[in-house]
Amino acid sequence: MNTLILRHFALGFFLILSASCSGPRATIHPTNFNDGWSFSLDGGDWNSVRLPHDWSVSFPFDSIKGEGATGYLLGGIGEYRKTFPTSPAAVSYLYFDGVYNNATVTLNGKELGEHPYGYSPFYYDISKVVNGEGEENELSVKVDHSRYADSRWYSGSGIYREVRMYNEAALHIPPWGVFVRTPEVSGDAASVRIEVQVLNKGPQTQDAKLVTDILDPAGKIVATQTSSVPLEAGGEQGVVQEIQLSNPLLWDVDSPQLYTAVSRLEAGGERSRDYRTAFGVRSFRFDAATGFYLNGINRKVKGVCLHHDGGLVGAAVPKAVWRRRLQTLKEGGCNAIRISHNPGSEEFLTLCDEMGFLVQDEFYDEWDYPKDKRKNMGESTSTDYITRGHHEHFQEWAKIDLQNTILAHRNHPSIIQWSIGNEIEWTYPRQKETTGFFGADANGNYFWNPPPYSTEKIRSLQESIPRTKYHIGETAQKLADWTREIDSSRPVIANCILPSASYESGYADALDMIGFSYRRIMYDYAKENYPDLPVMGTENLAQYHEWKAIMERPWVSGTFLWTGIDYLGESNGHWPKKQTTSGMLDLAGFTKPSYFMMKSLWTEEPMIYLTSQQEAKSIFKVENGQVVERKPGAWERALWSWHDVNHHWNYTDGETIIIEALSNCPEAELFLNGKSLGRRRMADNPDHIYKWAVPYTSGELMVKGYTNGASPEYTLQTSSEPAKLSLHTEGSGEEGIVHLIVQLEDANGHPVRHLSRELSFSVSGAELLGVDNGAPTNTSAFQGGKVKTNNGRALAIVRLPDEPASITVTAAGLPEAVFKFGEMGK
């Protein structure tokens with residue numbers, strides 16, 4: 001049997017306290033370590049909390065001390081404490097999936113270490129620090145987020161991801177010690193390569209066996225392999241197992257089949273616990289001429305960028321909250337997620353595996369030099385304490401954080417790219433200078449114009465302009481090399497905002513493929529000048545013109561739109577706007593018009609969606625009896641936020657209303673109170689929007705699409721004054737998390753979307769995590785129990801116990817509404 005010493009495990013050696021202790025062979029399963037914590041903020045009172053925990057989201061929005069960069073929510077210095085008994089184990093590991101940020105971990109008065117970066121996982125071997133078996137231990141985690149504006153988006157504060165304890169025998173597989181790949185995949189066979197790191201922390205030589213069973217998606221054992229692992233006391237060894245699968249079920253975005261590798265160690269008649277590693281059998285590649293292939297099928301990456309907050313729950317996002325949001329995106333045709341601009345959580349990646357999303361896992365938003373957290377175009381010139389970010393730790397920690405992240409995440413079949421950086425060019429001044437866009441020779445906006453300088457001139461300027469201490473190409477090469485040391489099965493990419501300079505600075509030379517940030521104008525430039533490097537959009541607008549450009553070019557693999565969901569922050573100087581509104585879903589997870597535009601482009605099942613607007617407020621006007629753009633051709637340069645439209649049919653009699661319909665049907669017809677107002681062809685609408693001008697009359701407005709015998713319909717109904725509150729739930733209900741949707745309705749049961757009411761929420765027997773309406777200017781405290789409706793609705797997220805519970809919603813002048821959850825929490 002071939003063996004391979006896996007050197008990468010030792011890369012995080014400084015995080016691990018060496019242990020060489022004997023103990024019983026029996027082990028217990030990894031322990032959920034999220035309960036039983038106490039928390040104190042800024043030296044105040046201690047309160048019981050359950051992890052994951054984000055203390056910043058519990059603050060009110062503060063327009064005076066807060067910063068729009070991080071959503072006007074504050075930080076501080078917090079401390080977490082927990083006592084726990086020592087388990088009967090030879091080796092124990094304490095694992096943190098993410099702590100934001102500047103964490104210091106102490107156990108029984110001994111400092112285990114510090115961890116500055118808030119997004120990378122880390123762990124400690126605590127075997128020599130814990131007290132005797134059965135005795136109590138005191139754990140402290142101090143978190144210094146006093147620099148609460150250290151990001152360009154809402155980061156949250158605290159132990160906002162899961163914590164686990166691993167109790168092991170002396171002979172064991174450590175965390176991150178299993179790597180499963182499928183290097184060869186076809187329709188009738190697949191090879192599975194399993195690399196396992198085995199440690200012997202005991203005082204005696206062990207003549208062990210490593211046994212791995214492969215379970216198919218139904219849980220049936222379909223293959224087994226056994227390898228000999230002789231290990232001296234204190235030794236370690238890497239073992240490689242090659243297993244062949246016949247007729248494998250492939251992991252795909254439409255059918256995310258997951259296998260499980262179950263590994264165990266056997267020695268002296270005893271066996272370790274089972275180490276379970278989920279993986280997918282799949283192949284993929286990016287071709288510079290023909291784009292992206294998954295399992296041999298050419299397809300487009302239909303992706304969105306996502307920040308890590310979950311709206312009203314902040315950064316500590318329950319799995320059920322992400323599942324609801326991701327399911328909505330999936331139904332809209334989305335098949336990929338760019339986790340921007342930091343590594344994702346283990347739980348989020350597991351959801352992407354299970355639900356069938358391709359993932360770009362990104363490491364950093366800044367490297368050697370800082371970004372301006374308030375403006376994001378260039379190195380920050382501010383010296384104020386609160387904005388200084390992770391670049392101050394980059395030189396010391398970059399390799400550690402990057403490689404630990406890859407070790408932790410590499411088994412997820414959803415991950416198809418490692419991104420080493422986002423729009424890094426802004427922080428290296430000579431990159432802007434060499435593009436020609438920002439000086440006297442500029443020929444216009446870099447968003448819409450091709451590079452004004454030739455490749456030769458850019459190359460010459462890169463060589464002649466004095467360089468700064470750190471060089472973007474050299475740093476990119478280091479990051480790419482560190483990535484490939486751990487995993488060479490996925491391409492290294494970066495999101496380049498000034499690609500004409502990046503091609504000539506050495507930055508692009510470090511990459512396996514290049515991503516363009518808002519530079520669709522340069523797809524042809526890339527093909528002409530750098531045809532051998534695959535290209536795709538990695539940050540683009542949720543507009544028709546972006547997708548049109550990609551569909552017309554087979555060599556462009558796809559896109560990640562900015563963004564899939566609104567996120568807190570990046571709204572500096574725009575109070576009371578606390579969030580960025582570029583999402584296809586709002587902060588509460590409700591769909592917006594851009595969602596339906598992309599659904600009409602990304603899905604094949606016939607669909608249609610309807611909005612309205614007064615002509616005076618519309619981007620369209622009536623001219624010679626036709627509905628036309630006020631600014632001809634404006635759709636080709638539409639930016640982040642969708643234009644202003646309404647989702648209701650309530651206006652003044654006789655006024656001209658512009659009706660818009662989004663659809664994937666080649667024809668559509670509009671009806672008002674059963675009377676046809678005209679049938680239109682999509683081929684006559686270059687902006688991919690059906691349009692009618694209608695004198696307002698109350699009643700029912702309905703649009704019908706026509707395609708291949710199918711006729712999807714969508715209706716807007718005139719409503720009267722609110723008469724009641726309608727309550728219903730959404731989401732899976734897992735973990736006892738329930739999304740309660742409150743909708744204003746009139747006496748006839750029609751939704752009232754054009755009027756607003758303030759709602760009050762009270763729960764009995766459950767925990768109200770927060771309330772929101774999705775509106776960017778809603779500054780009601782998430783956990784205050786009160787919120788005004790937006791588009792006639794609001795959201796409450798509730799965590800249920802194991803017994804029945806209820807929530808009561810009231811609004812002035814309306815009957816109170818009560819929702820009983822019954823046994824949903826079980």
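Note that these values count all heavy atoms, side chains included, but never hydrogens, waters or copies made by symmetry. One is the number of the first residue; the rest follow in order along the sequence.
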Is the shortest distance from a Lys or Arg side-chain nitrogen in Glu242 or Arg193 to a carboxylate oxygen in the other one below 4.0 Å?
yes
Whether Glu347 and Arg161 form a salt bridge (side-chain N of Lys/Arg under 4.0 Å from carboxylate O of Asp/Glu) is what I want to check.
no
Under 3.5 Å, is there a donor-acceptor pair between the Asn200 and Gln206 side chains?
no
Using a strict 4.0 Å threshold on nitrogen-to-oxygen distance, state whether Arg799 and Glu735 make a salt bridge.
no
Output yes when Asp512 and Arg484 qualify as a salt bridge under the 4.0 Å nitrogen-oxygen rule, no when they do not.
yes
Regarding Lys201 and Glu168, does a basic nitrogen lie under 4.0 Å from an acidic carboxylate oxygen?
no
Between Lys209 and Glu266, is there a side-chain N and carboxylate O pair less than 4.0 Å apart?
no
Are Asp97 and Arg164 within salt-bridge range, i.e. N to O under 4.0 Å?
no
Asn404 and Ser120: side chain donor to acceptor below 3.5 Å:
no
Do Thr559 and Asn540 have a side chain donor and acceptor closer than 3.5 Å?
yes
Can you label the angle between the Phe122 ring and the His115 ring as parallel, tilted or perpendicular, going by 30° and 60°?
parallel
Find the distance between CH2 (Trp555) and OG1 (Thr290) and round it off to the nearest 0.5 Å.
12.0 Å
Ring centres under 6.0 angstrom apart (Tyr160, His308):
yes
Between Phe33 and Phe84, does the ring centre distance come in under 6.0 Å?
yes
Please assess Trp322 against Leu306 for the test side chain to side chain contact (heavy atoms under 4.5 Å, CB included), listing each intermediate value before the final yes or no.
CA-CA 11 Å; Trp322 271 127; Leu306 290 180; 4.0 Å; yes
